[in-house]
Amino acid sequence: QVQLVESGGGLVQAGGSLRLSCAASGRTFSTYAMGWFRQAPGKERQFVATISWSSGSTRYADSVQGRFTISRDIAKNTVYLQMNSLKPEDTAVYYCAADDSGLRSRSRYEYDYWGQGTQVTVSS
């Protein structure tokens, strides 16, 4: 049973930083891609970033490129999302997801497992 548990969300002022963590368990993730998505009230869940568990190669949404960094710690089975220069429009619930195909897709429909989400609120 795959479990993904996010943490690290909170309230921050515009221009500030947060680091989200996603602790993964229940499977060997060496062939997986891990992703971060976010969903604001009344909007669809959107892609933020993804990383290959094996190679560490990454992809980002244009809206966060240069401000957010996704990384993983293989020994801890944990994926991180470092968020810098935060803007009010980054406010959303952030979800960690796992894709057993390892393709680093930008589509939420390709991801098989999801965490419960963590709230990020950026005040202006």
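Residues take their numbers from the sequence shown, with the count starting at 1. Just so it is clear, the values below take in all heavy atoms, side chains as well, and ignore hydrogens, waters and symmetry mates. Only a predicted model underlies this, so the values are computations on that prediction, with no experimental measurement involved.
- Counting only distance, with no hydrogens or angles, the side chain of T58 and the backbone of I51 share no donor-acceptor pair below 3.5 Å.
- In this structure, CG in L4 is found 9.5 Å from OH in Y113, a value given to the nearest 0.5 Å.
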Test log, rule side chain to side chain contact (heavy atoms under 4.5 Å, CB included), inputs D99 and D112: CA-CA 5 Å; D99 168 20; D112 308 286; 3.6 Å; yes
Derivation of the side-chain hydrogen bond (donor to acceptor under 3.5 Å, both in side chains) call for S30 and T28: CA-CA 6 Å; S30 57; T28 300; over 6 Å; no
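- Looking at heavy atoms from C-beta onward, Q116 lies out of side-chain contact with Y95 at the 4.5 angstrom threshold.
- Between P88 and A14, the shortest heavy-atom distance links the atoms CD-CB, 4.1 Å.
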Verdict with reasoning, D90 to R67, per salt bridge (Lys or Arg N to Asp or Glu O under 4.0 Å): CA-CA 11 Å; D90 294 318; R67 298 189 298 124; 2.8 Å; yes
side-chain hydrogen bond (donor to acceptor under 3.5 Å, both in side chains) between S105 and S107, worked out: CA-CA 5 Å; S105 174; S107 170; 4.6 Å; no
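- Side-chain contact between D100 and T31 is absent, with no heavy-atom pair separated by less than 4.5 Å.
- Screening residues 15-34 for ring pair (Phe, Tyr, Trp, His ring centres under 6.0 Å) gives F29-Y32, F29-W53 as the qualifying pairs, with residues at least two apart or on separate chains.
- A distance of 5.0 Å separates CZ of R108 from CD of E44, quoted to the nearest 0.5 Å.
- Counting only distance, with no hydrogens or angles, the side chain of T121 and the backbone of L11 share no donor-acceptor pair below 3.5 Å.
- Taken to the nearest 0.5 Å, the CZ atom of R38 stands 8.0 Å off from the CD atom of E89.
- Partner of L20 under the side chain to side chain contact (heavy atoms under 4.5 Å, CB included) criterion, out of V79, L81, I70, V48: L81 alone.
- Between F68 and W36, the gap from one ring centroid to the other reaches at least 6.0 Å.
- For A33 against T50, the heavy-atom pair with the smallest separation is CB-OG1, 4.1 Å.
- Atom CE of residue M34 and atom OG of residue S52 lie 11.0 Å apart, to the nearest 0.5 angstrom.
- Looking at L18 and V120, their side chains come closer than 4.5 Å, going by heavy atoms from C-beta outward.
- The local environment of CD in Q46 is crowded, with over 12 non-hydrogen atoms from other residues, nucleotides or ligands closer than 6.0 Å.
- Atom OG of S21 is separated from atom CD of E6 by 10.0 Å, given to the nearest 0.5 angstrom.
- Residues in residues 70-88 take part in these side-chain hydrogen bond (donor to acceptor under 3.5 Å, both in side chains) pairs, two or more places apart or across chains: S17-N84, Q82-N84.
- Note that CZ of R45 and OH of Y111 are 12.5 Å apart. Values are rounded to the nearest 0.5 Å.
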Criterion side chain to side chain contact (heavy atoms under 4.5 Å, CB included) on M83 and Y94, from CA distance to verdict: CA-CA 11 Å; M83 306 186 294; Y94 283 70; 3.9 Å; yes
